[in-house]
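Small disclaimer: the values here were computed from a predicted structure and weren't measured. Just follow the structure's listing: the first ligand is 1, and inside any ligand the first atom is 1.
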Amino acid sequence: MKIIDLRSDTVTKPTEEMMKAIQGAELGDDVYDEDPTVNRLQDLAAERVGKEASLFVTSGTQANLVSQLALTRRGQEVILEKDCHIYYYEVGGISAIAGLVPKPIEGTRGYLEPEKIKKELREKNIHYSPTGLICLENTHNRAGGAIITPKQMEEVYDLAKSYDLPLYLDGARIFNAAVALNTRVSNFKCDAMMFCLSKGLSAPIGSMICGDHEFIERAKKFRKMLGGGMRQAGIMAACGIVALEKMIDRLADDHANAKILAEELNAIGGIGVNVDNVQTNMIYFDVGGLGFNSDNFLAEMKKSGVLFSKREGSIVRAVTHRGIKREDVMTAVEMIRQNKD
Ligand SMILES: Cc1ncc(COP(=O)(O)O)c(C=O)c1O
């Protein structure tokens, strides 16, 4: 049975070109800054996002943790959206390891309006843990791959600057946002950011932290502290170079497939989906009207070889990626129709 895996874009396997790049990669000890392939990837990533420098790390979670450590001091408060990945899915590392106090705020489809942030900034007071950082996530995963526009980011950036605070971007899927809006990542203003190579860009492993030289130097120290100093990491960085050179433009196909999937789901009576909210490669939909909760819907669909991710109650997530072709979208929809009847 063919498996149609719509759980996440993280399931993408490396391309043939990536496998060849691994074999041909020039290697060295990256802890000594001597891996030429890692160095090339870091230069390329910095250039692609318009920052001074970048650092290769093992995962998006490590990128976020290292960045928080590098941008703050223990005991500070961090303003973030209440459903963001850092707060929701990163095992509390923000507190348990970085020693920070998260201040979660409810956003609007992942966006935190400056007025909302402003209300939460701490005044100078002996009792308070001072605000040390503002974080945004773009695209926003739990908001259904929603995009925060460059203009919206600039508004938050300007607010952050007026309070002398750094703005950090969890841009795990920022290239999806850039491709969807036909703009450059450098137009999403922030002081520091990360993006993932291992999601829609199809590399097997790795994320890039990007920012100015001083931030990257601090980040490198924290990466080492967390055990993320890798040696011949060029083996993995080689795939990252292919990801950045070849895999960005094709994200538009994933977005087109996501839109079609949303439209087709909408045409099935009983499924709740907001087609207009599908801006990139994610679709959240409600199967309650079909008499399922997400657990039994996932179990039924698995029997037909179609995999989704579970969310709360009767909400299900689908993510399109390189492994999903137009015909897979149509097959998945057909399987749902059959299970409904
Ligand atoms: C928005 C966002 N940030 C960070 C991460 C963490 O990435 P990783 O799974 O590589 O740790 C994810 C993973 O899905 C994500 O969606």
Side-chain angles (χ1 to χ4, degrees), residues 5-14 45 49 54-69 71 78 80-94 96-98 102 104 107 109-112 133-148 153 167-178 180 185 188 190 192-210 219 222-223 226-228 230 233 236-237 239-240 243 247 251 254 258 279-284 307-311 317-321:
D5 194 343
L6 288 157
R7 286 173 303 167
S8 176
D9 46 10
T10 55
V11 302
T12 43
K13 306 250 172 71
V49 304
S54 95
L55 186 70
F56 185 44
V57 295
T58 58
S59 68
T61 302
Q62 190 181 58
N64 283 335
L65 183 56
V66 163
S67 298
Q68 286 157 46
L69 284 161
L71 290 166
V78 178
L80 31 67
E81 205 281 324
K82 83 168 188 14
D83 269 335
C84 75
H85 201 276
I86 292 175
Y87 186 61
Y88 211 96
Y89 290 123
E90 297 186 6
V91 209
I94 184 169
I97 300 174
R109 301 207 63 236
Y111 179 52
L112 278 183
L133 179 66
I134 301 172
C135 294
L136 289 176
E137 180 177 308
N138 197 7
T139 62
H140 194 290
N141 185 340
R142 286 182 59 82
I147 297 172
I148 301 175
M153 288 217 41
L167 173 62
Y168 173 69
L169 171 64
D170 173 347
R173 296 182 181 81
I174 193 64
F175 281 100
N176 291 84
V185 171
F188 296 92
C190 59
M193 61 172 288
M194 76 85 164
F195 69 87
C196 294
L197 296 163
S198 57
K199 299 195 163 64
L201 299 181
S202 298
I205 298 168
S207 291
M208 305 305 298
I209 297 175
C210 313
F222 284 114
R223 180 185 70 172
L226 295 176
M230 297 175 284
M236 295 179 289
C239 299
M247 305 305 288
L251 293 173
D254 300 342
Q279 295 181 297
T280 55
N281 67 335
M282 291 189 186
I283 307 110
Y284 280 69
L307 309 183
F308 295 103
S309 278
K310 168 190 154 63
R311 288 292 180 272
R317 187 188 77 166
V319 185
T320 53
H321 52 79

Going by the order shown, which atoms of ligand 1 are within less than 4.0 Å of some heavy atom of [X]?
X: M194; value: 3 (N), 4 (C)
X: G60; value: 6 (C), 7 (O), 8 (P), 10 (O), 11 (O)
X: S59; value: 10 (O), 11 (O)
X: E90; value: 4 (C)

How does [X] reach ligand 1, if at all, at less than 4.0 Å between non-hydrogen atoms: by side chain, backbone, both, or neither?
X: K199; value: side chain
X: E137; value: side chain
X: N64; value: side chain
X: N141; value: side chain
X: M282; value: neither
X: A172; value: side chain

Can you tell me which residue and heavy atom of the protein come closest to [atom], and the distance to 0.1 Å?
atom: atom 11 (O) of ligand 1; result: T61 OG1, 2.6 Å
atom: atom 12 (C) of ligand 1; result: H85 NE2, 3.1 Å
atom: atom 3 (N) of ligand 1; result: D170 OD2, 2.7 Å

Using modelled atom types and a 3.5 Å cut-off, is there a donor and acceptor pairing between side-chain atoms of [X] and backbone atoms of [Y]?
X: Q62; Y: V57; answer: no
X: R317; Y: R7; answer: yes
X: E90; Y: I94; answer: no
X: T12; Y: K199; answer: yes

Can you list the residues that meet the ring-ring contact (aromatic ring centres under 6.0 Å, His included) rule with Y88, with sequence neighbours excluded?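 If we apply the ring-ring contact (aromatic ring centres under 6.0 Å, His included) test to Y88, skipping adjacent residues, there are no hits.
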Testing H140, M193, H85 for side-chain contact (heavy atoms from CB on, under 4.5 Å) with D170, which one passes?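 When side-chain contact (heavy atoms from CB on, under 4.5 Å) is applied between D170 and each of H140, M193, H85, only H85 qualifies.
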Does the N or O separation between R173 and ligand 1 drop below 3.5 Å for any pair?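 R173 vs ligand 1: N/O contact under 3.5 Å present.
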Hey, are the side chains of M208 and V49 touching, using non-hydrogen atoms and a 4.5 Å cut-off?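 Answer no - side chains too far apart.
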Counting C-beta onward and ignoring hydrogens, is there a side-chain heavy-atom pair between Q68 and I86 closer than 4.5 Å?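 In contact.
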Matching residue for D9 among N281, T320, T280 - test: side chain to side chain donor-acceptor pair (under 3.5 Å):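 Output: one option passes, namely N281.
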Heavy atom of Q62, distance to ligand 1 below 4.0 Å: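 It does not; every heavy atom stays at 4.0 Å or beyond.
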Counting only heavy atoms from other residues, nucleotides and ligands, does the tally under 6.0 Å from CZ of F222 exceed 12?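 Yes - once you tally the heavy atoms of other residues, nucleotides and ligands closer than 6.0 Å, there are more than 12.
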